[in-house]
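In what follows, a single structure is set out as structure tokens and then discussed.
Nothing fancy with the numbering, it's 1 onward along the sequence.
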Amino acid sequence: NNMNNTNTPSSTKTFKNIKMPIYFKRPDGSKIKILTPMQRIMPFLFKTRTESLIYSPESVDFTKAREYIKNKNKEFPELSLGTFHVIIAALLRTMAEYPYLNRFICGKRLYARNYISFSFVVLQNIKGGVDETNAKVFLSPEDTIFQVVEKVNNSISYCRKNGIKEEYYVDDKDVGI
């Protein structure tokens, strides 16, 4: 017996019968309600992540940064500051200063992310071979270069010690969302 006049059996739910909430809150971001016309149309133009990528070759003079790294490592030998840490700290400062860079699209809607995080690949030397694992570091906009170094190094050490595979992501409870 098919009561709703569709070609599906009566025991199967159809989308017509499912009520979607008008508004639901995401734990990882808040919906941006005021959008320019261009911002409204972008999710429809660029439907996947690969269509949304922008490749922009840039050259950056890193001379002063290298001097800074050398001086800080002399001043704090236990710090082990490197180029990667400086780049992450610079990206953190940029995202803190320009929060519109930390947005994402879900369901054709634009959201502002509630946190700043960076993902990167950690190489592991296992039995003479090289294996890869992903690390994700959650940072605060107020973090200093020293805190960035500590968090990044802790994440790298954790991944190398525990051999976490690509499927690993930090539990949302770890970042308070």
Q) Can you list the steps and then say if Leu92 with Leu139 is a side chain to side chain contact (heavy atoms under 4.5 Å, CB included)? A) CA-CA 8 Å; Leu92 174 63; Leu139 301 169; 4.0 Å; yes
Q. Does some side-chain heavy atom of Pro141 sit less than 4.5 Å from a side-chain heavy atom of Met95?
A. no
**Q.** Any side-chain heavy-atom pair of Thr144 and Val149 under 4.5 Å
**A.** no
(Q) Measuring from atom CG of Leu101 to atom CG of Leu91, what distance do you get when rounded to the nearest 0.5 angstrom? (A) 10.0 Å
Q. Quick one: salt bridge (charged side-chain N to carboxylate O under 4.0 Å, His left out) pairs with a partner in residues 54-69, sequence neighbours left out?
A. none
Q: Among Ile, Leu, Val, Met, Phe, Trp and Tyr joined by side-chain contacts under 4.5 Å, find the other residues sharing a cluster with Ile34 and list them by chain and number.
A: none
**Q.** Considering all heavy atoms, the nearest Val148-Ala89 contact
**A.** CG1-N, 4.2 Å
Q.
Suppose clustering is done on Ile, Leu, Val, Met, Phe, Trp and Tyr with side-chain heavy atoms closer than 4.5 Å. Which residues sit in the same group as Ile32?
A. Leu35, Ile105, Leu110
Q: Look only at the side chain of Ser155 and the backbone of Lys151, and say whether a donor-acceptor pair between them is shorter than 3.5 Å.
A: no
Q: Using the salt bridge (charged side-chain N to carboxylate O under 4.0 Å, His left out) rule, collect all pairs that involve residues 92-104, keeping only residues at least two apart or in two chains.
A: none
Q. Asn102: what forms a side chain to side chain donor-acceptor pair (under 3.5 Å) with it, not counting sequence neighbours?
A. none
Q: Would you please name every residue forming a side chain to side chain donor-acceptor pair (under 3.5 Å) with Glu78, sequence neighbours left out?
A: none
(Q) For Val121, is there any backbone N or O sitting under 3.5 Å from a side-chain donor or acceptor partner on Asn134? (A) no
Q | CG-SG distance between Asp28 and Cys106, expressed to the nearest 0.5 angstrom | A | 8.0 Å
Q. Hey, are the side chains of Pro57 and Tyr55 touching, using non-hydrogen atoms and a 4.5 Å cut-off?
A. no
Q.
Any heavy-atom pair between the side chains of Thr83 and Phe62 that's under 4.5 Å?
A. yes
Q) Quick one: side chain to side chain contact (heavy atoms under 4.5 Å, CB included) partners of Phe44, sequence neighbours excluded? A) Lys108
Q: State which residues pass side chain to side chain donor-acceptor pair (under 3.5 Å) with Ser80; sequence neighbours excluded, sorted by chain then number.
A: Asn153
**Q.** Pairs touching residues 68-77 that satisfy salt bridge (charged side-chain N to carboxylate O under 4.0 Å, His left out), sequence neighbours left out
**A.** Lys72-Glu75
Q | Side chains of Val137 and Ser117 in contact at under 4.5 Å (non-hydrogen atoms) | A | no
Q: Quick one: list whatever passes side chain to side chain donor-acceptor pair (under 3.5 Å) with Ser140, sequence neighbours left out.
A: Glu142
Q. Below 4.5 Å, heavy atoms only, C-beta onward: do Tyr111 and Ser30 meet side chain to side chain?
A. no
Q) Between Arg160 and Leu123, is there a donor-acceptor pair closer than 3.5 Å when you use the side chain of the first and the backbone of the second? A) yes
Q.
Quick check: closest heavy atoms across Val86 and Ala65, and the distance to 0.1 Å?
A. CG1-CB, 4.4 Å
Q: Could you list who else is in Met42's hydrophobic cluster, with ILVMFWY side chains joined at under 4.5 Å, directly or through other members?
A: Met38, Ile41, Leu45, Phe46
(Q) With rounding to the nearest 0.5 angstrom, report the CZ to NZ distance, Phe118 to Lys136. (A) 11.5 Å
Q: Keeping to residues at least two apart or across chains, list the ring-ring contact (aromatic ring centres under 6.0 Å, His included) pairs with something in residues 66-95.
A: Phe76-Phe146, Phe84-Phe120
Q: Could you check if a side-chain atom of Asn73 sits within less than 4.5 angstrom of a side-chain atom of Leu81, using non-hydrogen atoms only?
A: yes
